[in-house]
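Notes for the one structure printed next.
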Amino acid sequence: MLDTGNADIMLASLRTLVGLCSGHQSRVTVILHTIGMDRFCRVMGSDQEQVSLAACNVLQSTFDSLKGGIKSDIRGKEEAVVLEPLKELKMMIHQLLAMLVQPQVSTHGRDNSINLLIKHVPRKSLRDPNNAMTIWVIDQGMKKILEVAGTVSEIPNSLSVTDSGRMSVSVLLTKLYDDLKCDAEREAFNKLCEDYVRDRFESSGMDGKLQAIQTVSTLLQGPSDVGNRVLEMSGILECMIALCSSEREIDQLVAVEALIHAAGKSKRASFITANGVTLLKDIYKKNESDQIKIRALVGLCKVGSAGGTDYSMKQFAEGSTCKLAKQCRRWLCNNSNQCSTRRWAVEGLAYLTFDADVKEEFVDDQSAMQAMFELTKTEDKTALFAVASTLVNCTNSYDKETPDPQLLELAKYAKQHVPEEHPKDKPKYVQKRIGKLLKAGVVSALVCMTKKESPALTDSCKEMIARVFLALVETPEDRGIVVAQGGGKALIPLASEGTEVGKTKAAQALAKITITSNPEIAFPGERVYEVIRPLVSLLHLDRTGLQNFESLMALTNLAGISERLRQKIIKEKAIPMIESYMFEDHEMIRLAATECMCNMVLSEEVQNLFLAEGTDRLKLLVLYSGEDDEKLRCAAAGAVAFLTSLQPKLCTKMTQVTSHWLEILQALVLSSNVDLQHRGLVITLNLVNAERELAALLMETEMFEILSVLSRDGDEKKRKLSAAAQDCLTQAVEYGLIKPTEEETSP
């Protein structure tokens, strides 16, 4: 059926195979040997996109099953023979590598093959010590990967590779390089790349030089350390600049694009400023090809932004960057341009928006913002990084170091360069820009960017999206808009996948939303349980105090909703961390941890921790109930009230943990704060109800007089207090410790 050539029959067969291959290693092995990996690759190389994608899904299920063994719910798994899958995995990867350089394979098939390699060759976690598969792929298939990286489709007899495919190759090379463990492995990787580029550059005429430069361009977009090293080989950079003035259009196209990526380091940007700016200007003004003109414009943009956010470091004359940005916006807003052309316009803005004047002009241009957001919703995902970079710059959500004032003065005295902040990068300007972006629909664009799985959605891209989300929820008033447009849902996967910085930023954004919004509305259904793990990750000691504080406040809200949520918090091992923050010197963090514990004690598992012998947990709460900070007293007294109500054994323990317990309890009951008074009276009632001896102990002290006075208080606002005091006295009467008053005995 797979060989019929009929798309409908082939799709039906492939979808059936997906079901058969899911979760059963032995069955997958039989299917793989019966049908053959070469047939699957042939089908995946089909010109029909749907068929190619369906074949890719079969191989995805096959990889998952070979790596995952047999699921527990598969019927008859006890009789199945589970073999070591390494041989099958290597055979599959070998065939996928061979596919890359086969000329009859379609662009869809080649892209799908690269995507499978990205997902299944590198280690899932760097904690796994075994990177043998990566080493094997580099040894067996590096030249094939670099051949795709250096392909220029316009050269006769070349492979067909799309911009998206080239971006995927960059991601694959990055993943392979990052998966290497030692300098020797990285040196071998570098040498393979250098040898390949040198071979192309020296032996194959002008087309070979073009392929060498295209390879360098792809490496610069991927493992940039490798790309920069290859770029410093003799003659490469000079050849790029020379090809910019070539008569062949394809030479100019490849050379200008490579020049853009080469201008990444400031010293190289200065070299290009000295040697290539005039050339780029001439290309932009005189060349008739839109594809080349837009690349020349982006090259000028990148060189012009070499000073970054430093207001005093300008590569071009005052106002030049704004003029370049205006040209980029014009290209971006022209709907007659191809998506790839508009993507390059966004690349230009990504560089220029380091300048605050450009940021202000961009957020005031509604049509430019809408055009950029629409670009995120197209099938071409190569623009994701550029869009995310532009938004990070506009929201100032990049990391900024605040220099020590003394070091700053010292640098000025020594006549060293000191970076200057642009006046329009002050917080009030940033907040206005964020407001304009929200009105323009930035949240919907960010949600679209995270929805579709794509190699272009790299970990660094996810990190930038998380940074933008965190900037958008900084002001409590804006959080409702972010939640309403799907921001809460989009943040959950960002908080569990990607770089450590990206996951932390996304988790902090989730914390801010959970603090001010109803979690059951912001994260409906089962989604609310997925929020807890990212929040608990913010409690680790390597996080900032603000992140600890916001996590504790968010967990407090969640713990107050249901027992199931409290159990999830316990399961994530958050209780020891919450307890440790109750000893924190910072009063706000200490308060947040105590409030969180106040809600957590409603769970029986936490109550048992307080019942355990030899712990000072209850003592800490009792002592906090006597502190000067009213909010801390309120939280601690609330926790003691819950505990003594739910676990009567703790009533006796409370009188033993500290000799000041009665003094603290009386201070609560006599407090001018009604909430504290109520908590004190509830604790007193719990003690009285627990044992006659405790009630007798209380009635022998001034507490009896205090309760008598409070029970007669006729203030409507204190009705609950009077009722609680009266209940204490009534229980004491039943014990026979005191006699009822005449009012109580009269009919």
Side-chain angles (χ1 to χ4, degrees), residues 163 244 249 252-253 255-257 259-261 263 272-273 276-307 314-395 422 424 433 436-437 439-442 445 448-449:
D163 287 344
C244 286
E249 186 175 308
Q252 290 185 347
L253 196 71
V256 172
E257 188 171 330
L259 210 57
I260 293 167
H261 300 306
I272 294 167
T273 303
V277 167
T278 306
L279 190 59
L280 289 171
K281 285 180 180 177
D282 287 342
I283 291 171
Y284 182 67
K285 289 175 183 175
K286 297 173 184 177
N287 204 294
E288 294 180 1
S289 169
D290 285 351
Q291 294 293 320
I292 295 173
K293 286 182 77 169
I294 188 64
R295 283 165 172 78
L297 177 61
V298 174
L300 290 168
C301 293
K302 189 165 186 179
V303 173
S305 67
K314 298 293 179 187
Q315 296 287 330
F316 294 153
E318 189 71 34
S320 295
T321 50
C322 290
K323 288 178 184 176
L324 288 170
K326 189 175 180 181
Q327 291 298 318
C328 286
R329 296 203 307 274
R330 186 172 63 80
W331 283 88
L332 176 61
C333 296
N334 189 344
N335 291 326
S336 62
N337 288 331
Q338 296 177 2
C339 273
S340 59
T341 304
R342 284 186 284 153
R343 188 253 298 178
W344 278 106
V346 180
E347 289 264 3
L349 287 170
Y351 297 125
L352 293 175
T353 45
F354 282 117
D355 188 323
D357 289 319
V358 175
K359 299 177 197 181
E360 289 293 322
E361 287 184 7
F362 177 68
V363 296
D364 286 332
D365 189 339
Q366 284 288 325
S367 57
M369 282 197 289
Q370 290 301 328
M372 186 176 78
F373 296 156
E374 286 301 316
L375 204 57
T376 64
K377 299 170 187 176
T378 61
E379 287 298 312
D380 182 9
K381 297 296 177 185
T382 53
L384 291 185
F385 192 86
V387 173
S389 299
T390 304
L391 292 173
V392 165
N393 292 340
C394 288
T395 55
H422 197 291
K424 290 182 180 176
R433 288 202 293 268
K436 289 173 183 177
L437 285 167
K439 284 180 183 176
V442 67
C448 281
M449 290 166 74

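Everything quoted here is computed from the prediction, not taken from an experiment. Quick note: residue numbers are just sequence positions, from 1.
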*Using side-chain contact (heavy atoms from CB on, under 4.5 Å) as the criterion, list what pairs up with Q252, not counting sequence neighbours.*
N287, I292
_Side-chain touch T390/F362, heavy atoms, less than 4.5 angstrom_ = yes
*So, do W344 and T382 sit near enough that their side-chain heavy atoms are less than 4.5 Å apart?*
no
*Would you check, one step at a time, whether the test side-chain contact (heavy atoms from CB on, under 4.5 Å) holds for K436 with K439?*
CA-CA 5 Å; K436 289 173 183 177; K439 284 180 183 176; 5.7 Å; no
Tell me the closest heavy-atom pair linking [X] and [Y], and the distance in Å.
X    : Y    : value
D365 : R329 : OD2-NE, 2.9 Å
V387 : T376 : CG1-CG2, 3.7 Å
Q366 : A440 : OE1-CB, 4.0 Å
L297 : W331 : CD2-CD1, 3.8 Å
A345 : C328 : CB-O, 3.4 Å
Q327 : R330 : OE1-NH2, 2.8 Å

_Partner residues of T395 under the side-chain hydrogen bond (donor to acceptor under 3.5 Å, both in side chains) criterion, sequence neighbours left out_ = S397
_Quick one: does any side-chain atom of N393 pair with a main-chain N or O of A350 as donor and acceptor, under 3.5 Å?_
yes
*asked:* Quick one: does any side-chain atom of Q291 pair with a main-chain N or O of T341 as donor and acceptor, under 3.5 Å?
replied: no
Spacing of [X] atom [atom1] and [Y] atom [atom2] [to the nearest 0.5 Å]:
X    : Y    : atom1 : atom2 : result
D355 : E360 : CG    : CD    : 10.5 Å
K424 : K359 : NZ    : NZ    : 11.5 Å
L391 : L349 : CG    : CG    : 10.5 Å
L259 : R295 : CG    : CZ    : 13.0 Å
L352 : K323 : CG    : NZ    : 13.5 Å
M372 : C394 : CE    : SG    : 6.5 Å

*Do NZ/NE/NH1/NH2 and the carboxylate oxygens of E374 and R342 come within less than 4.0 Å?*
no
